[in-house]
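Values in this document were obtained by computation on a predicted structure and should not be read as measured data.
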Amino acid sequence: MHALKVTRAEDFPEWYQAVVRDADLAELSPTRGSMIIKPWGMGLWERIQGELDRRIKDAGHDNYYFPLLIPLAFFAKEAEHVEGFAKEMAVVTHHRLKQIDGELKPDPDAALTEPLIIRPTSETIIGDAFSRWVKSYRDLPLKLNQWANVMRWEMRTRMFLRTAEFLWQEGHTVHADEADAMVETMWALELYRSFSEDFLAMPVIHGEKPENERFPGAVRTYSIEAMMQDGKALQAGTSHYLGTHFAEAQNIRYQDKEGGMTLAHTTSWGMSTRMIGGVIMTHGDDDGLRTPPAAAPRQIVIVPMLRGKPEDAELKEYCASLVAELNKLSAFSWPVRAYLDIKDARPADKRWDWVRRGAPIICEIGPRDAANGQVTFIKRNALREGDKIKSHSVSRADFIAQAAKLLEETQAELFAEAKARLDNNIRADFKTFADLETYYGTEDKEGEFKGWARVHWARPSGDALDKVGERLKALKLTIRNAPAAQPASYGACIFSGEPAVEEILIARAY
RNA sequence: CGGGGUGUAGCUCAGCCUGGUAGAGCAUUAGCUUUGGGAGCUAAGGGUCGCGAGUUCGAAUCCCGCCGCCCCGACCA
């Protein structure tokens, strides 16, 4: 008997919805395509923010904030950028409402002379500021970051994975030349790789996107790709070298040491609330979410076995002092987050709520534990042993002494499990396109999923690349990236038979 | 935006074919019992049956239109 009504094997998309709901992460809002992020989901995002922000600042970036609304004319400056985003833009056209025939409508007399767009990303308005802030080579590099909400009018939305409005971090930097900008671009890629693996226990493959998957306006786009439990790939973070495209469009120039005016090189990079979807589909099981301890809003939850009797006070005191002790510890370079759940509800119900939310360590402490100076707990990532819930009992002193280690072990176990899944489900033995068709052209067997493929290719571009894209699309596949780790030599291109120049990752994707 | 599915209580759903004043389980609230583990009994509250128009004496049920959600596709840093 699992805590969720649907299992992953029965219906993966339904299971995903169930976790979002039952782990209390988010719910649909009355606003189409947008969600209400609930405390456990927001807490997870706040942990992601806290750690990522620290790493970004440690590398010399400062935060700032730009407005939600961008003048339409700003957006129109970079042609490829426009082409990429124009189709999914929310536009603000009026500044007043009026009762017309009993209905509240935009007042026709209050149309904006210049419409505003709700930012889908902020390159354009930030570039405008950069053109004023950058005067001299002494101003470079300029390394800034903002935490913001953005909006893209998506046709098809899915909680956390693709919502109309989402939260993210967007880094924007300006550099004197390509070499320096590329160092930054690769730094951001490595930031996302290490953050994803260390902090979210989510193994990824990092690499460069093919030409047809680039960010609109970018010269080179890099991504980290994570494998979900249904075998699909999730692009979990991107880093772009923008060359001088935005510098040209926005006139970002600096006076170099020789006194000449030189175009700057810019980068941008982002990671969003989509990561939470990745955490769900990487670590979730049929009992709900298993939150990676480093990112869990509450790492150790204590459920006292209260019985509505006078001795409850003593038990509460035992638990409260335990929480206080635990909160003095640290793990993952942050204070430990222990929590005493004294909600007036049945302990068993509370226990299952925390199982579904995926609190890493759930302690169930009764009067007997208190009397014996013990702590009884379950490890959420290894909840069951056969049909039974596996619980552990240790002395209070031992529990406190081992708590941080227990959390770090759990983190490592979650990572190892996900890493094994990733490593075991990438096939590198496809030599021809027919091999791919044979494998991906057939239905998954019961309980099976098709992972990714690493294949060699000659890196076609333009029309030739479009044709490759179409052949893959027929199999519902896309090119994810060219992994940074490349083999020493290459065979023949799987698409053309020509000598290959690169190994790429192919997968079905979210 | 195209194809398919779906929409009835907070949740899961029955009722619809064959029109006759709204149902179950779980959840909620109250009381009693129970207490080392998703408790039991009793009672109560809760729904303009997605929205609108139509057929009809009468519509959750039949017809038409629209909308939301889910899946597939198109699109998608």
Check your understanding: For B/rU28, which nucleotide is its Watson-Crick or G-U wobble mate, given both distances must be under 3.5 Å?
Key -> B/rA44

Point to revise | Nearest-angstrom distance from the residue atom CD of A/Glu10 to C1' of B/rC70 | key: 16 Å

Study note, to complete from the structure: From CG of A/Leu28 across to C1' of B/rC69 the rounded distance in Å is 7 Å

Review point. Among B/rC72, B/rG37, B/rA74, which nucleotide sits nearest the side chain of A/Met155?
Key: B/rA74

Review point. If each of A/Arg356 and A/Lys473 is mapped to the nucleotide of RNA chain B with the nearest heavy atom, which maps nearer the 5' terminus, i.e. the 5' end?
Key: A/Arg356

Point to revise | A/Thr185 and A/Ser239: side chain donor to acceptor below 3.5 Å | key: no

Point to revise | Span that lies between the C1' atom of B/rA27 and that of B/rG47, in whole angstrom | key: 15 Å

Exercise for review: Working to the nearest 0.5 Å, report the span between OH of A/Tyr339 and CZ of A/Arg298.
Suggested key: 4.5 Å

Practice item. Please work out if A/Ser272 contacts a base, only the sugar-phosphate, or nothing of the nucleic acid, heavy-atom cut-off 4.0 Å. Key: base

Check your understanding: Say you pick atom C1' in B/rU29 and the same atom in B/rC13; how far apart are they, in whole Å?
Key -> 23 Å

Point to revise | Proximal nucleotide (of B/rC72, B/rC70, B/rC11) relative to the A/Arg156 side chain | key: B/rC72

Practice item. Would you classify A/Gly33 as touching base, sugar-phosphate or nothing, given that sugar-phosphate means primed atoms plus P, OP1 and OP2, and contacts are heavy atoms under 4.0 Å? Key: sugar-phosphate

Check your understanding: Tell me: CZ of A/Arg307 to P of B/rU35, nearest whole Å?
Key -> 8 Å

Practice item. Tell me yes or no: between the side chains of A/Asp128 and A/Gln250, is some donor less than 3.5 Å from an acceptor? Key: no

Practice item. Quick one: label A/Trp354 by what it contacts on the DNA or RNA (base, sugar-phosphate, nothing), any heavy atom closer than 4.0 Å. Key: nothing

**Study point:** NZ/NE/NH1/NH2 to OD/OE distance under 4.0 Å, A/Glu27 and A/Arg21
**Key:** no

**Study point:** Residue pair A/Lys5, A/Asp22: steps toward the salt bridge (charged side-chain N to carboxylate O under 4.0 Å, His left out) verdict
**Key:** CA-CA 10 Å; A/Lys5 285 184 177 167; A/Asp22 293 347; over 6 Å; no

Exercise for review: May I ask you to check if A/Lys316 and A/Tyr318 form a cation-pi contact, with NZ or CZ under 6.0 angstrom from the six-membered ring centre and within 45° of the axis?
Suggested key: no

Review point. Should the ring pair A/His265 and A/Tyr241 be called parallel, tilted or perpendicular, given that the plane angle runs from 0 to 90° and is split at 30 and 60?
Key: parallel

Check your understanding: With both distances kept under 3.5 Å, what pairs with B/rA59, Watson-Crick or G-U wobble?
Key -> none

Check your understanding: For B/rG37, does OP1 or OP2 lie under 4.0 Å from any side-chain N or O of A/Arg351?
Key -> no

Exercise for review: Classify the angle between the aromatic ring planes of A/Phe399 and A/Phe377 as parallel (below 30°), tilted (30 to 60°) or perpendicular (above 60°).
Suggested key: tilted

Exercise for review: Consider the side chain of A/Glu88, meaning its heavy atoms from C-beta on, and name the nucleotide among B/rC76, B/rC72, B/rG38 that approaches it most closely.
Suggested key: B/rC76

Practice item. Under a 3.5 Å limit for both distances, which nucleotide forms a Watson-Crick or G-U wobble pair with B/rG38, could you say? Key: none

Review point. With respect to the side chain of A/Arg368, which nucleotide from B/rC76, B/rG36, B/rC71 is positioned closest?
Key: B/rG36

**Study point:** A/Ala3, nearest nucleotide to its side chain (from B/rC71, B/rG38, B/rG37)
**Key:** B/rG38

Practice item. To the nearest Å, give me how far apart CZ (A/Arg162) and C1' (B/rG73) are. Key: 13 Å

Review point. Choosing from B/rG36, B/rC71, B/rC76, which nucleotide comes nearest the side chain of A/Thr376?
Key: B/rG36

Check your understanding: With rounding to whole Å, what would you report as the distance between B/rG36 and B/rC32 at their C1' atoms?
Key -> 23 Å

Check your understanding: Base, sugar-phosphate, or nothing: which does A/Phe166 touch, judged by heavy atoms less than 4.0 Å apart?
Key -> base

Review point. Between A/Arg346 and B/rG38, is there a side-chain N or O to OP1/OP2 distance below 4.0 Å?
Key: no

Revision key, fill the gap. A/Asp353 CG to B/rA27 C1', in whole Å, measures 12 Å

Check your understanding: Out of B/rG36, B/rC71, B/rG38, which has the shortest distance to the side chain of A/Asp369?
Key -> B/rG36

Practice item. Using a heavy-atom cut-off of under 4.0 Å over every strand shown, decide if A/Thr238 touches base, sugar-phosphate, or nothing. Key: base

Practice item. For A/Pro13, report the nucleic acid contact type (base, sugar-phosphate, nothing); a contact means any heavy atom under 4.0 Å. Key: sugar-phosphate

Check your understanding: Is there a donor-acceptor contact under 3.5 Å linking the side chains of A/Gln99 and A/Lys105?
Key -> no

Review point. Roughly, in whole Å, what's the span from OH in A/Tyr510 to C1' in B/rC70?
Key: 13 Å

Practice item. In whole angstrom, give me the gap between the P atoms of B/rC16 and B/rC69. Key: 29 Å

Exercise for review: Could you please name the option among B/rG38, B/rC71, B/rC76 that lies closest to any side-chain atom of A/Trp352?
Suggested key: B/rG38

Practice item. Using a 4.0 Å heavy-atom cut-off across all strands, classify A/Pro120 as base, sugar-phosphate, or nothing. Key: nothing

Review point. According to the Watson-Crick and G-U wobble definitions, with both distances under 3.5 Å, which nucleotide is paired to B/rU6?
Key: B/rG68

Check your understanding: Counting any heavy atom closer than 4.0 Å, what does A/His2 reach on the DNA or RNA strands: base, sugar-phosphate only, or nothing?
Key -> base

Check your understanding: Considering every strand shown, what is the Watson-Crick or G-U wobble mate of B/rG73 when both distances are under 3.5 Å?
Key -> B/rC1

Review point. Mind checking the C1' distance from B/rG54 to B/rC63? Whole angstroms is fine.
Key: 7 Å

Review point. C1' atom, B/rA39 versus B/rU34: distance in rounded Å?
Key: 7 Å

Point to revise | Atom-to-atom span, CD of A/Glu14 to P of B/rC71 - whole angstrom | key: 7 Å

Check your understanding: For A/Met159 and B/rC70, what is the distance between atoms CE and P respectively, to the nearest whole Å?
Key -> 8 Å

**Study point:** N or O in side chain of A/Lys476 less than 4.0 angstrom from B/rG73 OP1/OP2
**Key:** yes

**Study point:** Pairwise P distance, B/rA43 and B/rA24 [rounded to whole Å]
**Key:** 13 Å

Review point. Roughly how far apart, to the nearest Å, are B/rU18 and B/rG40 at atom P?
Key: 41 Å

Review point. Which one is paired to B/rA22, where only Watson-Crick or G-U wobble pairs with both distances under 3.5 angstrom count?
Key: none

